[in-house]
Novice: 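Sending over a structure as structure tokens; questions will come in a sec.
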Amino acid sequence: MIQETIVITQNSSGVAHIAPMGVHLSTESHDEFIILPFRPSTTLNNLLESKTAVINYCDDVRVFAGCLTGRRDWPLKPAEKINGQVLTCALAHTEVELVRVEDDETRPKLFCKAVHTANHAPFRGFNRAQYSVLEAAILISRLNMIPLEKIQAEIDYLRIGLEKTAGERELEAWGWLMTVIENHVAKEGVYAGNLPGAGSAITKEGVHTESQSGTGAAKAGIGS
């Protein structure tokens, strides 16, 4: 099973890096997690260096959308058992230590063991708008892989649930993501019909485009 989480790592200078990431839960042990960052990525570098990370469970989808749109400055607090940082808005978090690595030139598997888990607030469930933002964030991380016309079709569907159930936080996060699509379309010089702030992204001929992936947005799940 893969859970969409916020993984926080830090370098030897104590600088924290916040990244949305799909973390694999081990089928063999309830306290083992598999983190699969791509090369190159800050998460990978930090984890190999510090051997620790914090997996945050969060229902504020602005953190997911923000990290994919250049907004990584979220309030943090010290971890309890390891040298690391925890999202202040996390409902729960798990502190992990790196146990072993299965190396790969593209996407190493980092096997981590839980050393501490804490709950901070009750999880009241995701509504459809939160789901829509998470799915849109994954689409944004794949702008260089999927034809924009397909992305637009999925965005149009996700917008239905968003418009019916969103609160202020979800609408803010959605707006950040749609701006990325609009800017990508404008940069590539392809046709963008009907851009009402929700960001249609339709190519004239369904062409594939390339985008800047920064530190390497994950191609399966989101993260860097």
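Numbers here are sequence positions counted from 1. Since we're looking at a predicted model, the values are computed, not measured.
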Novice: Kindly compute the distance separating CZ (Arg128) from CD1 (Ile160), expressed to the nearest 0.5 Å.
Specialist: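 The CZ atom of Arg128 sits 7.5 Å away from the CD1 atom of Ile160.
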
Novice: What's the verdict on side chain to side chain contact (heavy atoms under 4.5 Å, CB included) for Thr5 and Asn56, showing C-alpha distance, side-chain angles and the deciding distance?
Specialist: CA-CA 6 Å; Thr5 68; Asn56 297 265; 6.0 Å; no

Novice: Could you state the interatomic distance from CG (Leu139) to CD1 (Ile181), rounded to the nearest 0.5 Å?
Specialist: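 Answer for the CG-CD1 pair, Leu139 versus Ile181, is 7.0 Å.
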
Novice: Is there side-chain contact between Leu91 and His120, with at least one heavy-atom pair below 4.5 Å?
Specialist: no

Novice: Can you list everything that forms a salt bridge (Lys or Arg N to Asp or Glu O under 4.0 Å) with Asp104? Sequence neighbours excluded, please.
Specialist: none

Novice: Does one hydrophobic cluster hold both Ile146 and Leu143, with members joined at side-chain heavy-atom distances below 4.5 Å?
Specialist: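 Yes: a chain of side-chain contacts under 4.5 Å links Ile146 to Leu143.
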
Novice: According to a hydrophobic-cluster definition based on side-chain heavy atoms being under 4.5 Å apart (Ile, Leu, Val, Met, Phe, Trp, Tyr only), do Val101 and Met21 belong together?
Specialist: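 Hydrophobic grouping puts Val101 with Met21.
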
Novice: Given Val63 and Cys89, is the side chain to side chain contact (heavy atoms under 4.5 Å, CB included) satisfied, shown in steps?
Specialist: CA-CA 9 Å; Val63 182; Cys89 65; 4.0 Å; yes

Novice: May I ask you to check whether Ser12 and Glu49 show a side-chain donor-acceptor distance below 3.5 Å?
Specialist: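 Yes - a donor-acceptor pair under 3.5 Å links their side chains.
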
Novice: Please name the pair of heavy atoms, one in Val86 and one in Ile8, separated by the smallest distance, quoted to 0.1 Å.
Specialist: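 That would be C-CD1, 4.1 Å.
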
Novice: For the pair Thr69 (side chain) and Trp176 (backbone), establish whether a donor and an acceptor sit closer than 3.5 Å, ignoring hydrogens and angles.
Specialist: no

Novice: Please check if Leu48 and Val15 belong to a single hydrophobic cluster, counting links between Ile, Leu, Val, Met, Phe, Trp and Tyr side chain heavy atoms closer than 4.5 Å.
Specialist: no

Novice: Can you give me the closest heavy-atom contact between Leu162 and Ser132, atom names plus distance?
Specialist: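 Leu162 and Ser132 have their closest heavy atoms at N-OG, 3.8 Å.
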
Novice: More than 12 heavy atoms of other residues, nucleotides or ligands under 6.0 Å from NZ of Lys51: is that the case?
Specialist: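 More than 12 within 6.0 Å, yes.
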
Novice: Starting from Leu47, can I reach Val99 by hopping between I/L/V/M/F/W/Y residues whose side chains sit under 4.5 Å apart?
Specialist: no

Novice: Should we say atom CG of Asp73 is surrounded by more than 12 heavy atoms from elsewhere, each under 6.0 Å from it?
Specialist: no

Novice: First locate atom CD1 of Ile35, then atom CG of Leu98, and finally report the distance between them rounded to the nearest 0.5 Å.
Specialist: 8.5 Å

Novice: Rounded at 0.5 Å granularity, tell me how far CD1 in Ile6 sits from CH2 in Trp74.
Specialist: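 Going from CD1 on Ile6 over to CH2 on Trp74, the span is 9.5 Å.
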
Novice: Residues two or more places apart in sequence or in another chain: which of them pass salt bridge (Lys or Arg N to Asp or Glu O under 4.0 Å) with Arg100?
Specialist: Glu102

Novice: Can you give me the closest heavy-atom contact between Ala129 and Ala166, atom names plus distance?
Specialist: CB-CA, 3.4 Å

Novice: Mind running side chain to side chain contact (heavy atoms under 4.5 Å, CB included) on Val7 and Val54 for me, showing each step along the way?
Specialist: CA-CA 6 Å; Val7 174; Val54 177; over 6 Å; no

Novice: Gln130 side chain to Asp59 main-chain N or O, any donor-acceptor pair under 3.5 Å?
Specialist: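 Side chain of Gln130 to backbone of Asp59, a donor-acceptor pair under 3.5 Å: yes, one is there.
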
Novice: Do you know the tightest heavy-atom contact between Ala173 and Val133?
Specialist: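 Shortest heavy-atom separation between Ala173 and Val133 comes out as CB-CG1, 3.8 Å.
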
Novice: About how many Å separate CG of Leu177 and CZ of Arg62, when rounded to the nearest 0.5 Å?
Specialist: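 Those atoms lie 13.0 Å apart.
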
Novice: Of the non-hydrogen atoms in Arg72 and Cys67, which two are nearest, and what is the gap between them?
Specialist: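 Nearest heavy atoms, Arg72 then Cys67: NH2-O, 3.3 Å.
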
Novice: Could you check whether any side-chain heavy atom of Thr43 comes within less than 4.5 Å of a side-chain heavy atom of His17, counting everything from C-beta outward?
Specialist: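 Touching, per the 4.5 Å side-chain cut-off.
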
Novice: After noting the C-alpha distance and the side-chain angles of Leu134 and Ile138, does the key distance pass the side chain to side chain contact (heavy atoms under 4.5 Å, CB included) rule?
Specialist: CA-CA 6 Å; Leu134 288 178; Ile138 293 173; 5.7 Å; no

Novice: Could you tabulate the donor-acceptor pairs under 3.5 Å formed by side-chain atoms of residues 108-117, not counting sequence neighbours?
Specialist:
| unit_1 | atom_1 | unit_2 | atom_2 | d |
| --- | --- | --- | --- | --- |
| Lys113 | NZ | Asp31 | OD2 | 2.8 |
| His116 | NE2 | Glu80 | OE1 | 3.1 |
| Thr117 | OG1 | Thr94 | OG1 | 3.1 |

Novice: Could you tell me if the side chain of Phe33 sits less than 4.5 Å from the side chain of Ile55, heavy atoms only?
Specialist: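 Result yes, sub-4.5 Å side-chain heavy-atom pair found.
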
Novice: Mind checking whether Phe64 and Leu171 sit in one hydrophobic cluster, side chains of I, L, V, M, F, W, Y counted as touching below 4.5 Å?
Specialist: yes

Novice: In this structure, are over 12 heavy atoms from other groups packed under 6.0 Å from Phe126 atom CZ?
Specialist: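 More than 12 heavy atoms, drawn from other residues, nucleotides or ligands, come within 6.0 Å of this atom.
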
Novice: Can you give me the closest heavy-atom contact between Ile82 and Ala53, atom names plus distance?
Specialist: CD1-O, 3.4 Å

Novice: Taking Asn119 for its side chain and Ala92 for its backbone only, find out whether a donor-acceptor pair lies under 3.5 Å.
Specialist: no

Novice: Main chain of Gly167, side chain of Glu170: is a donor-acceptor contact present, judged purely on distance under 3.5 Å?
Specialist: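 Answer holds: yes.
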
Novice: Are the side chain of Ser41 and the backbone of Pro37 linked by a donor-acceptor contact shorter than 3.5 Å?
Specialist: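 A pair under 3.5 Å: no.
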
Novice: Is a side-chain N or O of Arg107 found less than 3.5 angstrom from the main chain of Leu36, in a donor-acceptor match?
Specialist: yes

Novice: Can you tell me how far CD of Glu135 sits from CD1 of Ile155, rounded to the nearest 0.5 angstrom?
Specialist: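 Reported value, rounded in 0.5 Å steps: 9.5 Å.
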
Novice: Is there a donor in the side chain of Glu182 and an acceptor in the side chain of His184, or the other way round, less than 3.5 Å apart?
Specialist: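 Looking only at side-chain atoms, His184 and Glu182 do not form any donor-acceptor pair under 3.5 Å.
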
